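Beneath this line is the structure, given in structure tokens, with notes to follow.
Quick caveat, the model's predicted, so the values are computed rather than measured. Here is how names work: the chains are called A, B, and so on, in the same order as the sequence lines, proteins then strands, and each is numbered from 1. Scope of the values below: all heavy atoms of this structure, side chains included, with no hydrogens, waters or symmetry mates.
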Protein chains: 2
Amino acid sequence: MMRGMTTTERRRDAERTKAEILQVAQREFARKGYAGARVDEIAELMRTTKRMIYYYFSSKEQLFIAVLEKAYSEVRAVEQKVDVAHLAPVEAIRTLAELTFDHHDAHRDFIKLVAIENIHQAEHISKSPVLANLGTPVLDLIERILAAGKASGDFVTEADAVDVHMIISSFCFFRVSNAHTFGALFGRDMTAPENRARLRKMVGEMVVAYLRGAGAADVT
Amino acid sequence: MMRGMTTTERRRDAERTKAEILQVAQREFARKGYAGARVDEIAELMRTTKRMIYYYFSSKEQLFIAVLEKAYSEVRAVEQKVDVAHLAPVEAIRTLAELTFDHHDAHRDFIKLVAIENIHQAEHISKSPVLANLGTPVLDLIERILAAGKASGDFVTEADAVDVHMIISSFCFFRVSNAHTFGALFGRDMTAPENRARLRKMVGEMVVAYLRGAGAADVT
DNA sequence: CTTGTAATGTACGAACTGGTACGTTAGTTT
DNA sequence: AAACTAACGTACCAGTTCGTACATTACAAG
């Protein structure tokens with residue numbers, strides 16, 4: 001009884017073990033990919049043994065799904081905190097873009113997991129009921145900002161929430177996910193500290209410029 | 001003698017065999033990832049046997065590198081053909097963006113290979129001397145367009161060629177690479193035919209709008 | 001037509017890898 | 001304090017996977 005009781009350090013702690021497995025597994029999957037990650041290696045990097053992985057997660061695939069679920073839920077938790085309701089449309093969307101940038105910057109393992117999941121045609125996400133309908137909150141937020149911007153006349157471009165989310169995401173995601181090949185081919189590390197501030201500013205300006213309609217063919 | 005001689009269909013043809021191996025391998029690597037792809041499976045999908053893979057490419061890793069080299073060189077060949085020199089700066093950059101869009105759209109396997117290579121920290125690209133300094137041609141082109149745009153007063157934003165290339169690439173790349181998870185979470189297939197034209201127009205407008213400086217904080 | 005060699009096919013092995021059978025211990029309940 | 005169960009450890013196996021030793025054949029040269 002009393003699950004949370006830890007006055008004396010327990011040697012056996014299910015929650016702790018599960019958490020450690022997830023943490024180590026996340027790093028391994030992010031670094032080696034799904035097929036490239038080794039269950040034995042994950043086990044060696046923990047205090048517990050391989051047996052525990054199967055005790056709590058049944059299979060490598062289930063473990064990967066659990067890692068994805070945990071990572072996505074953490075993302076969601078952060079996104080909920082974004083408060084841009086009190087800002088004017090232009091500043092609201094700019095801020096959202098910059099916060100998205102910060103978030104991607106801070107959760108690089110998560111980005112890699114998503115990239116891996118895309119290589120596998122999102123087959124694991126499909127198997128998880130937890131992960132469906134997880135995108136709607138952001139879309140609602142963007143929708144409100146867009147409506148306000150249209151009403152105030154700041155936004156001219158015809159674009160829906162999904163489009164805008166895609167613009168922002170693509171930039172922030174690519175910067176992290178493709179840093180290696182981009183760096184190898186163009187000699188610039190997009191994730192280097194000295195480039196951070198400039199690129200962060202770029203996302204914001206890009207979305208705002210686009211929504212203002214300055215890119216249309218009939219504009220001078 | 002006479003390598004190209006093929007009046008009678010030869011049963012033994014090194015070039016043909018090598019080409020088929022590369023083609024099949026490209027598809028397998030793109031679908032399963034590097035570690036996920038199986039040499040035996042690649043062999044089964046060809047007319048020849050696994051022995052030939054090792055006869056011509058020595059190892060799985062070398063094969064993957066060869067696939068990357070072939071894919072990148074094909075990309076480069078297409079990019080060389082882009083002729084935007086005669087266009088005005090705004091139309092030139094817009095056209096470049098749209099052509100990049102088309103190119104990514106047409107070479108999805110290549111996109112996936114690059115994504116895979118990024119998961120593996122571009123370690124294979126680094127091992128290939130062929131693949132270094134491959135990005136410069138595009139950068140030169142963009143540089144010229146930017147200079148012309150600055151001179152004509154069309155472009156106001158301070159951004160160099162690498163930045164602009166990144167904006168364009170991120171959008172085009174993300175659309176293909178993340179189509180699966182994006183579709184699963186937001187219910188829209190970015191690669192579906194009905195979205196193609198709209199998104200293609202978006203890249204162009206986005207870059208142009210950004211370069212015109214409409215996103216800056218001090219612009220009304 | 002013989003002979004040399006590039007190209008190809010067959011069979012197999014050593015190491016790895018996901019997964020499990022079985023035994024043990026800590027902590028809780030009564 | 002006995003008994004019960006969740007949590008954990010060890011040893012191991014069966015299937016897979018990259019790679020190779022060895023045999024063979026098509027083709028070109030002289």
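- Ring pair F171(B)/F171(A): centre-to-centre distance not below 6.0 Å.
- Among dG19(D), dG19(C), dA7(D), the nucleotide with an atom closest to any side-chain atom of A14(A) is dA7(D).
- Among the protein residues, Y56(B) comes within range of the sugar-phosphate backbone only, with heavy atoms under 4.0 Å from sugar or phosphate atoms but none that close to a base.
- As rounded to whole Å, 12 Å separates atom C1' of dA26(D) from atom CG of D13(B).
- Between Y54(B) and dG19(D) there is a side-chain polar atom (N or O) within less than 4.0 angstrom of OP1 or OP2.
- If you take CZ of F57(A) and P of dG19(C), they are 14 Å apart, rounded to a whole angstrom.
- Between R198(B) and D160(A) no salt bridge is recorded (no basic side-chain N to carboxylate O distance below 4.0 Å).
- Under the 6.0 Å distance and 45° angle rule, K60(A) counts as a cation-pi partner of Y34(A).
- Atom CE of M52(A) is separated from atom P of dG9(D) by 6 Å (rounded to the nearest Å).
- At least one side-chain nitrogen or oxygen of Y55(B) sits closer than 4.0 Å to the OP1 or OP2 atom of dA7(C).
- Of all the residues in residues 17-51 of chain A, A37(A), R38(A), V39(A), D40(A), K50(A), R51(A) reach under 4.0 Å from DNA chain C with at least one non-hydrogen atom.
- Two rings, from F173(B) and F174(A), have their centers less than 6.0 Å apart.
- Ion pairing between a basic and an acidic side chain is recognised when a charged N comes within 4.0 Å of a carboxylate O; E28(B) and R31(B) show no such pairing.
- The residues D105(B) and R196(B) are annotated as salt-bridged, a charged nitrogen and a carboxylate oxygen being separated by less than 4.0 angstrom.
- Going from atom NZ of K60(A) over to atom P of dC16(C) covers 16 Å, rounded to whole Å.
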